[in-house]
Amino acid sequence: MALPTINDIMNTQQINKSQGIVIAEKINIFKGQLFGHISNGGGELNLGNGKSIRFISTNDKFITLQLIEYGIGAIIKNQSWVKSKKVIIKKEKVKDDMSFKHNKKVREI
Amino acid sequence: MSIKDLFHYDRIREFYQEYYKDVFLPNEVNGEEMGIINGDELTFFYPMKKNKINYLLPSKLIDELPVVVNDTTKTSFRSKAYHRITDVDSVKIKSERKMSYHDFIINWMDYEHEQPDLFIIWKIITDTAYSDRINIRAMSFPGWLKDSPLSILGQLRGDCIAINKPSYAKLKREITVGNKILGLNEIQELESKDYRALAKYYEDTGDFKPIFINDTISKGETGDRVDLYNHSSMTFYNFPKSDKEQIFEDVFDPKIMSRIFPLLLTGGSHDVTACKHKWGLVTDKLDEDDMNKILNFLRTHKFYEDHDNVAVELIGKDWPLNHTFKNTRWHRNYEAICKRIRLFARSQVEYNKYEEILYQAHVQYMDYVHNRVILTPPIQEELMG
């Protein structure tokens, strides 16, 4: 089954109503695909592409998220959709490269 | 521009922003260490703020400051935008003797003051706190310039800071990031948990311990450990304006009082400041010559931070201490300051004069306390045990 893309999420009110309700935990976007769990307890997740998703609210059927583009500080869109098994399909976790370079040769200023 | 005018806070700030525009310094860390979830693991950072931009410094670099930042990448955490630091070079200030230690101390904020010699001693004490390890507390009337030499040094070196009403979180952060001097203002009327942490800090740093262990935090938590290597404390408070205002003696246990060397800085009153210099609004910019004058001052400070350089200049100045203390902690503070007075003095007569001024500042403090009724009994016995 193909994973929903970010466009699917932002443009679709409801993803497959017939699917069951899932309490999800985390979300990640990789190459345009949502393949993580969605936070059910508040908080925000960095999508790694200048955007992040913030959890807004949830009820038995719907979960509402905001897509935020930082830098301009704008909330692009609020969207709700059915919590669906589709959005929690995830077997792998993607990590940002958090490494850093440190030139230890001390330079005088 | 004269060197005196260059020590205006706004001008030193302008120098700081230009000279350190790519350099990240300990006093730019502005928050607690935080963990960011990345995939299935946590990565740790310290938040920093420089020129209105928020940065994330990898925690492994916290002991490497100052660093020049070559590259960053944008990220967000809890709705806040950050520039994550990804490429740094280690740097240090060039050490150069551009003037004698005597001229250095004289030139540093050479302002008209009601107590010019005592102000010279106070500048020497502030410098001793940076280069050596001491624990000092000083009381004066407002406007004496107690914390100004420290503020200027903080802007020039980027690794000393004065904080007001020190909560435990503030205290821990400013020591952890490597500030060499922690200036403490408004230590009265703290919340009890902050008071207990501050008391434990005074106990450990006053004992010249290598680490500060805060074992006063909530039950069930383990004690926090913070490195106190080469760390000095300077505590400032004003003469009480009314019977209700407290001083150090009203707040802390005698065992803490006996660890932090007290001084009374005479001059001025609650209505008239001891410092007579008048500052105006800065409207002009520093030119190249001004920048170089401050840079010479900064590099000279770096030169005299080096104990080997000091040892060379002290050859032939083996003048003995004229006073000693039975309290070994006080004596250690006094001896460290006197070493720098020796460095400053051009003759033994001059040395004796300034040592006496230092000693009298201490004696006057003790006289003040002995003649004063402590209105609020120490409350900490039950807290400290």
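Every chain is numbered from 1 and lettered A, B, ... according to where its sequence line falls, protein lines coming before strand lines.
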Whether B:F104 and B:W108 hold their rings parallel, tilted or perpendicular, with breakpoints at 30° and 60°: tilted

Which residue pairs pass the side-chain hydrogen bond (donor to acceptor under 3.5 Å, both in side chains) test when at least one of the two sits in residues 53-68 of chain B, sequence neighbours left out? B:E33-B:S59

Closer than 3.5 angstrom, by distance alone: can the side chain of B:R133 be matched with the main-chain N or O of B:H231 as a donor-acceptor pair? yes

Set of salt bridge (charged side-chain N to carboxylate O under 4.0 Å, His left out) partners for A:E108, sequence neighbours left out: none

Between A:K101, A:K105, A:K104, the one whose heavy-atom pairs under 4.5 Å with chain B are most numerous: A:K101

Inter-chain contacts: residues 291-308 of chain B against chain A, heavy atoms under 4.5 Å: B:R299

4.5 Å side-chain heavy-atom contact, B:V68 and B:V88: no

B:N179: partners by side chain to side chain donor-acceptor pair (under 3.5 Å), with sequence neighbours left out: B:E174

Heaviest contributor of heavy-atom pairs below 4.5 Å to chain A, chosen from B:I36, B:L61, B:I85, is B:L61

Check: B:I175 and B:D227 side chains under 4.5 Å, non-hydrogen atoms: no

